[in-house]
Number of protein chains: 2
Amino acid sequence: MCKDNKRGEKYGPEKCECPSGRMTRFTEPCLLFFLAKKPSYGYELMDKLEQFGFTEGKPDPAMIYRTLRYLEKEGFVKSKWDTGGTGPAKRNYKITAEGVDLLHGWARSIRQRKEVLDKFIARYKKYFKGKMPKFQYSSLLLTF
Amino acid sequence: MCKDNKRGEKYGPEKCECPSGRMTRFTEPCLLFFLAKKPSYGYELMDKLEQFGFTEGKPDPAMIYRTLRYLEKEGFVKSKWDTGGTGPAKRNYKITAEGVDLLHGWARSIRQRKEVLDKFIARYKKYFKGKMPKFQYSSLLLTF
DNA sequence: ATCATCTATGTACAAATAACATATAGGTGT
DNA sequence: ACACCTATATGTTATTTGTACATAGATGAT
């Protein structure tokens with residue numbers, strides 16, 4: 001993410017042009033997907049998220065733990081303390097049938113979202129073809 | 001959007017399984033794109049946004065007008081009152097060179113985002129191939 | 001053995017973003 | 001005069017994410 005980003009604050013006085021670089025609403029489906037493949041725990045899942053573009057010095061732990069506890073509260077995952085193995089105790093999560101359903105819902109939404117982005121990019125390309133510039137906002141990570 | 005959606009409130013007491021159906025952070029790039037093609041004004045732009053999936057009884061006017069004023073404050077667009085024509089006066093917006101640059105930045109981010117979504121969908125498909133279910137969360141619009 | 005470091009989970013608070021409700025006002029048709 | 005459509009705008013709340021920090025067991029080095 002752009003270090004000088006003050007732009008998030010759209011409705012306040014700050015000023016910076018770069019988009020904010022969030023992984024908006026993407027943590028939850030990713031966690032569900034990884035848990036669908038294999039039970040795991042927060043700290044390990046944090047690393048796996050890098051596969052989906054959460055690359056900036058690791059995804060925020062707060063986000064991961066919060067999301068996991070939320071998912072458990074709603075019955076989409078279940079956890080048990082795992083005191084075996086090395087290091088501090090881990091909270092091991094398994095996905096439930098409801099969680100798998102939710103993941104399917106997410107997949108569907110993500111596909112729709114992707115199609116909208118495709119459409120945007122197609123129109124953008126069509127309009128700007130030929131006059132593609134060197135980008136000014138170059139080092140941005142994901143914006144939304 | 002799902003009418004019963006109470007799920008946005010993830011960290012509160014409410015409960016509903018459906019993703020929230022927002023057009024997260026997409027208004028700004030869309031507005032910039034339309035203005036790059038042709039000067040326009042808020043009310044007209046509102047209609048055009050439906051082309052990109054803002055279908056639910058029109059996108060929130062507050063969102064459009066606030067984004068436009070934000071963009072003007074930062075110099076990405078400029079406006080003039082247009083009192084000619086029928087009906088109340090319109091505030092006609094034109095994109096600036098800086099605005100076009102910002103649009104390119106957005107396009108880049110959107111492309112990156114799209115690639116992440118592609119990757120997610122590919123892995124999801126690979127893992128669930130064969131066992132694709134009838135979706136339980138069926139009537140969702142865009143989630144993020 | 002105490003200190004630094006890594007693993008692991010978590011909370012509190014603040015900032016950013018979007019949604020919802022409402023206000024204002026000119027124009028058009030009846 | 002009235003309803004209705006166009007057009008812009010603001011205030012407040014709800015939702016989501018980010019930043020900072022707290023806790024604590026294990027491991028290895030001095």
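Because its NZ or CZ atom is both nearer than 6.0 Å to the ring centre of A:Phe26 and within 45° of the ring axis, B:Arg113 counts as a cation-pi partner of that residue. Cation-pi geometry between A:Arg123 and B:Phe52 is satisfied (NZ or CZ under 6.0 Å from the ring centre, within 45° of the ring normal).
Going from atom OH of A:Tyr70 over to atom P of D:dT17 covers 11 Å, rounded to whole Å. B:Leu45 has its CG atom 11 Å from the P atom of D:dA7, to the nearest Å. Atom P of nucleotide D:dT19 and atom CD1 of A:Ile64 are separated by 13 Å, given to the nearest angstrom. Distance, B:Asp82 CG to D:dT8 P: 9 Å, rounded to whole Å. When the C1' atom of C:dT9 is taken as reference, atom OH of A:Tyr65 falls 5 Å away, rounded to whole Å. As a whole-Å value, the separation of B:Leu31 CG from C:dA18 P is 12 Å. A:Lys90 places its NZ atom 11 Å from the P atom of D:dA26, with the value rounded to the nearest Å. Here D:dA7 presents its P atom at 14 Å from OH of B:Tyr93, a figure rounded to the nearest Å.
Set against C:dA8, C:dG10, D:dT8, the side chain of B:Trp81 has D:dT8 as its closest nucleotide. Looking at the side chain of A:Tyr43, the nearest of the listed nucleotides C:dT7, D:dT6, C:dG10 is C:dT7. When the nucleotides D:dT17, C:dC20, D:dT8 are ranked by their closest atom to the side chain of A:Arg66, D:dT17 comes out on top. With distances taken from any side-chain atom of A:Thr86 to the nucleotides C:dA18, C:dG27, D:dT27, the minimum falls on D:dT27. The side chain of A:Ala62 lies closest to C:dA12 when the candidates are C:dA12, C:dT28, D:dT8.
In this model, the phosphate group of C:dT11 is approached by a side-chain N or O of A:Arg69 to a distance below 4.0 Å at OP1 or OP2. Applying the 4.0 Å criterion to OP1 and OP2 of D:dA7, one finds that B:Tyr41 has a side-chain N or O inside that range.
Other residues, nucleotides and ligands contribute over 12 non-hydrogen atoms within 6.0 Å of the NZ atom of A:Lys48.
The backbone N or O of A:Asn92 lies less than 3.5 Å from no partner atom in the side chain of A:Ser79, so there is not a single donor-acceptor pair. A donor-acceptor pair under 3.5 Å links the side-chain atoms of A:Lys119 to the main chain of B:Gln51, judged by distance alone.
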